[in-house]
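One structure is given below, encoded as structure tokens.
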Amino acid sequence: MALIVQKYGGTSVGNVERIRNVAIRVAQTKKKGHKVVVAVSAMSGETNKLVSLANQMKEFPIGREYDVVVSTGEQVTIGLLALALQDLGCGAKSFLGSQVPIITDSAFSRARIEEIETAGILSELKRGNIVVVAGFQGVDRDGNITTLGRGGSDTTAVALAAALKADVCEIYTDVEGVYTTDPNICPDARKLKKVSYDEMLEMASLGAKVLQTRSVEFAKKYNVPVMVKSSFTDAEGTLVTKEDKDMEKVIVSGVTYNKDEAKITVAKVPDRPGIAAKLFAPLTKANINVDMIVQNVSHDGHTDLTFTVSKADFKKALQLVEKTAKEMKAGKVLSDTNIAKVSIVGAGMRSHAGVASKMFETLSKENVNIQMISTSEIKISAVVDAKYTELAVRALHDAFGLGKGDVEEER
Ligand code: ADP
Ligand code: ASP
Ligand code: MG
């Protein structure tokens with residue numbers, strides 16, 4: 001008998017019929033003799049609607065009340081799933097994040113889980129009940145409701161699995177696993193049998209939204225085996241696990257894209273020490289993460305500075321940067337929200353040269369202009385015009401031989 005944590009995403013609980021389908025799957029796992037804890041997302045589209053409502057009410061709504069609003073989608077689905085399970089004759093009880101409780105810090109809209117009290121869940125499991133937990137939400141030490149960032153139900157599930165020392169965390173979604181790239185934009189994408197925590201971390205943080213980045217951080221830290229599977233088929237999924245020798249052989253294991261960033265350029269910044277610190281300090285203070293940064297060669301004591309932030313932070317970041325640019329007597333502030341970051345990821349890149357030049361040649365052959373570049377040990381990213389995203393992803397996927405026909409044996 002195992003303890004299994006399962007997570008069902010938005011599409012998987014998108015309507016009443018689908019919730020019934022999820023209940024049947026959960027009940028089957030229970031009937032095999034396992035203890036089951038289920039984390040669920042809001043119905044697909046619901047969280048977007050809630051975010052839009054909050055944005056209509058106030059210019060920068062992020063804060064305590066924002067999380068009160070956007071966390072509500074999950075309250076509906078846990079109740080409905082518990083009802084569906086009861087209708088199948090299973091004992092089931094739903095828990096909000098605050099009822100577990102899942103204790104987080106107070107960073108509204110991007111809170112981090114600090115602790116999960118497991119006593120309540122364990123006593124329900126002991127009674128033979130299935131426990132249904134709301135994904136995406138928690139509570140801080142002052143009793144305020146918090147949310148974990150978009151896609152945060154994945155993190156709820158993995159954190160529950162870690163806290164409960166579950167045997168496995170199964171993430172059920174609308175594709176059959178983790179692929180070499182998003183199967184919805186590249187029909188040739190190949191499903192991976194296994195992927196290392198580190199590669200998955202890079203892929204997730206570079207846009208492969210099949211798992212939220214923080215969920216992979218948790219899985220790595222607590223060594224939780226994560227299976228990504230479809231909630232609509234019985235196909236074998238992808239195991240996210242520790243790196244093994246086979247994985248190192250693969251130079252590039254995936255291509256990702258992220259359309260959720262925007263670019264800001266400050267022209268003619270006086271080129272003297274301390275200027276970057278001055279420009280970015282207000283952003284740090286406002287809790288805005290800066291991703292890529294490029295500084296041009298200096299001309300007549302002035303330079304151009306370009307950086308990217310998430311689209312959610314864009315308006316606020318622009319406002320802050322315009323103010324600082326004026327103070328430091330810089331030139332114009334330009335911005336572009338029609339960009340995409342396209343990346344290649346692979347553990348084998350550490351030991352192979354020439355990967356970057358191949359990537360740039362491939363994009364140039366397709367006439368895709370590269371606006372910014374950044375690299376790490378196991379990834380290379382390029383910012384391009386958003387309209388070329390699909391073209392760039394498919395070309396890179398092809399160039400690095402990631403397609404179904406290119407590999408004899410699936411790893
Ligand atoms: P859920 O609602 O179940 O959490 P998400 O929409 O958050 O589902 O994540 C699943 C989606 O992630 C897929 O539909 C797919 O379009 C996208 N995706 C992006 N990159 C990948 C990848 N490398 N492998 C699998 N899916 C990916
Ligand atoms: N419902 C939340 C979102 O849409 C959390 C999740 O789906 O994981 O971001
Ligand atoms: Mg998701």
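Remember, it's 1-based here, ligands and their atoms both numbered in the order they're listed.
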Within-cut-off N or O pair, Gly10 and ligand 1, under 3.5 Å | yes

Have a look at ligand 1 and work out which part of Ile171, if any, has a heavy atom under 4.0 Å from it: side chain, backbone, both or neither.
-> neither

Could I get the full list of ring pair (Phe, Tyr, Trp, His ring centres under 6.0 Å) partners for Tyr8, not counting sequence neighbours?
-> Tyr172

Would you call Lys358 and Glu361 a salt bridge, using N to O less than 4.0 angstrom?
-> no

Could you tell me whether Lys194 and Asp244 make a salt bridge, using a distance below 4.0 angstrom between a side-chain N and a carboxylate O?
-> yes

Nearest non-hydrogen protein atom to atom 8 (O) of ligand 1, with distance, is Thr173 OG1, 3.2 Å

Would you call Lys259 and Glu390 a salt bridge, using N to O less than 4.0 angstrom?
-> yes

Below 3.5 angstrom, do we get any N/O pair linking Lys7 and ligand 1?
-> yes

Does Ser215 have any side-chain hydrogen bond (donor to acceptor under 3.5 Å, both in side chains) partners at least two apart in sequence or in another chain, and if so, which?
-> none

Is it true that Lys242 and Asp198 have a side-chain N and a carboxylate O under 4.0 angstrom from each other?
-> no

Check whether any side-chain N or O of Lys263 sits under 3.5 Å from a backbone N or O of Val309 as a donor-acceptor pair, and report yes or no.
-> no

Any heavy atom of Gln212 sitting closer than 4.0 Å to ligand 1?
-> no

Within a distance under 4.0 Å of any heavy atom of Ala208, pick out the atoms of ligand 1 and give their elements.
-> 19 (C), 20 (N)

Can you list the atoms of ligand 1 that are under 4.0 Å from a heavy atom of Met203?
-> 23 (N)

So which heavy atom in the protein is nearest atom 11 (C) of ligand 1, and how far is it from that ligand atom?
-> Asp174 OD1, 3.9 Å

Is Ser231 in contact with ligand 1, taking contact as a heavy-atom separation below 4.0 Å?
-> no

Salt-bridge contact Glu243-Lys220 (side-chain N to carboxylate O under 4.0 Å) | no

Atom 25 (C) of ligand 1: the protein heavy-atom neighbour that sits closest, reported with distance to 0.1 Å | Gly177 O, 3.3 Å

Select the closest option to atom 16 (O) of ligand 1 among Leu211, Val13, Asn184, judged by heavy-atom distance.
-> Asn184

Carboxylate-amine/guanidinium contact Glu114 Arg141, below 4.0 Å | yes

For ligand 1, which atoms, with element, lie under 4.0 Å from some heavy atom of Val178?
-> 24 (N)

Quick one: look at Pro183 and ligand 1, take heavy-atom pairs under 4.0 Å, and tell me if it's side chain, backbone, both or neither.
-> side chain

Within the protein, residues bringing a heavy atom under 4.0 Å of ligand 2, chain by chain = Ser41, Ala42, Thr47, Glu74, Phe136, Arg150, Gly151, Gly152, Ser153

4.0 Å heavy-atom contact, Ser41 with ligand 1 | no

Out of Val393, Ile185, Asp182, Asn258, who gets a non-hydrogen atom closest to atom 18 (N) of ligand 1?
-> Asp182

Identify, for atom 5 (P) of ligand 1, the protein heavy atom at the shortest distance, and state residue, atom and that distance.
-> Lys209 O, 4.2 Å

Could you tell me whether Asp260 and Lys341 make a salt bridge, using a distance below 4.0 angstrom between a side-chain N and a carboxylate O?
-> no

Qualifying residues under side-chain hydrogen bond (donor to acceptor under 3.5 Å, both in side chains), relative to Ser71, sequence neighbours excluded | none

Salt bridge check: are Lys326 and Glu322 linked by an N-O gap of less than 4.0 Å?
-> no

Residue, atom and distance of the protein heavy atom nearest atom 23 (N) of ligand 1 read Tyr179 O, 3.0 Å

Answer yes or no: is there an ion pair linking Asp234 with Arg25, defined by an N-O contact shorter than 4.0 Å?
-> yes

What do you reckon, is CD of Glu17 surrounded by more than 12 foreign heavy atoms closer than 6.0 Å?
-> no

